[in-house]
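Each remark here refers to the structure printed beneath this line.
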Amino acid sequence: MSNKKILVLPGDGIGNEVMYEVLNIIDWLSKTRSISFDISERLVGGTAYDKEGDSISDKTMQEALESDAVLFGAVGGPQWENVEREKRPEAALLRLRKELDLFANLRPAVVFDALAESSPLKLKIVKGLDILIIRELTSGVYFGQPRGVSQIDDNEEKAVDTQSYTTSEVSRITRVAFDLARLRNNKVTSVEKSNVMETGMFWKNIVSNLHLNQFQDVELHHMLADNCAMQLVRNPKQFDVILTDNLFGDLLSDIAAMLTGSLGMLPSASLGPLTESGSRSAMYEPVHGSAPDIAGQGKANPLAMIMSFAMMLKYSFNMVEDSNLIEKAVQSVLSLGLRTHDISDGTNKVVSTHEMGKAVIDELKKITGN
Ligand code: IPM
Ligand code: MG
């Protein structure tokens with residue numbers, strides 16, 4: 001069997017530092033567990049704009065289309081703030097999502113016991129929390145047409161973004177949510193603004209119909225997006241799977257992230273449709289951004305990136321055992337009290353990005369005896 005092809009796109013800011021730690025883990029896996037990947041590394045984001053004139057070149061995009069999975073760091077930074085929108089660092093991310101048709105974005109928010117104290121919420125509210133946000137990623141207001149700014153008269157301009165969804169776009173993400181709920185606690189909360197928006201009512205009806213026809217065994221709730229934001233802070237453990245659109249998913253997943261103590265802990269997977277051969281396009285990235293303020297200082301938390309790689313092993317390559325192994329190593333490192341600065345409460349041993357990455361490998365060695 002040929003090696004799986006991974007395209008590595010570290011990007012900007014802390015993207016490079018956290019990706020470096022994953023590459024070390026891949027190296028360890030290939031030496032000790034005879035897993036090898038064909039890895040190619042390319043520029044993306046502002047760094048690509050500076051060196052190649054665009055935030056993602058056609059060549060890199062082509063490689064992404066030909067790879068089995070993409071591992072993405074983070075993009076963006078203040079130095080590219082004034083770059084035209086089509087070439088901004090974020091445009092690369094949106095292009096990858098769209099052209100790879102990565103419609104299903106999985107954002108798990110899990111509170112590790114060892115970290116429950118670093119959540120800004122009370123321990124009893126977050127302890128044991130394990131929710132999964134399923135965000136639609138290739139449509140909605142991020143991509144809807146028309147969009148743009150036009151002149152109304154000499155003194156007035158008008159800016160337009162369009163929220164739009166088709167039946168099939170809503171159905172396919174809904175199926176993912178119901179399918180994944182069946183593997184968890186079997187409960188889906190579908191989130192929209194059906195009290196105000198056409199797309200909200202449309203979304204709600206499609207979810208209800210699919211539930212009625214094919215997924216009656218799954219518990220379904222509908223919730224308005226503003227209420228969901230509030231409930232996530234008031235009583236997050238009422239949720240299992242949250243199903244929502246592109247924009248609400250962007251907002252709600254940041255709230256969910258913070259419940260876990262730090263954005264630096266959240267991995268994500270973005271998946272395309274399953275093809276007849278059983279494969280699907282996929283990209284894995286930490287939810288945190290490029291954090292330009294701490295870039296290059298060894299302060300970044302590499303755990304979200306490492307766990308994104310663990311998600312890749314599980315969802316793209318069905319290497320569930322190795323994926324679990326990495327998650328277990330991450331938990332042990334946290335139990336040992338090691339903390340990067342974002343998850344430290346002041347009493348722990350604060351370690352650098354590289355020390356944290358190395359500690360994960362040390363745990364992997366301990367667990368496997370290699
Ligand atoms: C995310 C990010 C992106 C988004 C930005 C960087 C374009 O916030 O992945 O959540 O809005 O989708
Ligand atoms: Mg976001």
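Indexing begins at 1, ligand by ligand and atom by atom, following the structure's order.
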- Task: Check Asp250 and report its N/O/S atom nearest to the Mg ion (ligand 2), by atom name.
- Result: OD1
- Any N or O on Glu285 sitting closer than 3.5 Å to an N or O of ligand 1? no
- Tell me: protein heavy atom nearest atom 8 (O) of ligand 1, and distance? Asp250 OD1, 3.2 Å
- Taking atom 1 (C) of ligand 1 as the reference point, the nearest protein heavy atom with its distance: Arg107 NH2, 3.3 Å
- Touching ligand 1 at all, Arg97? Heavy atoms, strictly under 4.0 Å? yes
- Query: Does the N or O separation between Arg135 and ligand 1 drop below 3.5 Å for any pair?
  - Reply: yes
- Do Phe37 and Phe317 have ring centres separated by under 6.0 Å? yes
- Message: Would you say CD of Gln214 has more than 12 non-hydrogen atoms from neighbouring residues, nucleotides or ligands within 6.0 angstrom?
- Response: yes
- Of Gln163, Lys193, Arg135, which is the lone residue that meets side-chain hydrogen bond (donor to acceptor under 3.5 Å, both in side chains) with Asp245? Gln163
- Message: Which heavy atom of Ser164 sits nearest to which heavy atom of Thr199, and what is that distance?
- Response: CA-CG2, 4.1 Å
- Message: Return the closest protein heavy atom for atom 11 (O) of ligand 1 as residue, atom name and distance.
- Response: Tyr142 OH, 2.5 Å
- So for His288 against ligand 1, with non-hydrogen atoms under 4.0 Å, the contacting part is neither
- Would a line drawn from the ring center of Tyr165 to the ring center of Trp203 be shorter than 6.0 Å? yes
- Query: Is NZ or CZ of Arg172 both nearer than 6.0 Å to the six-membered ring centre of Phe103 and within 45° of the ring axis?
  - Reply: yes
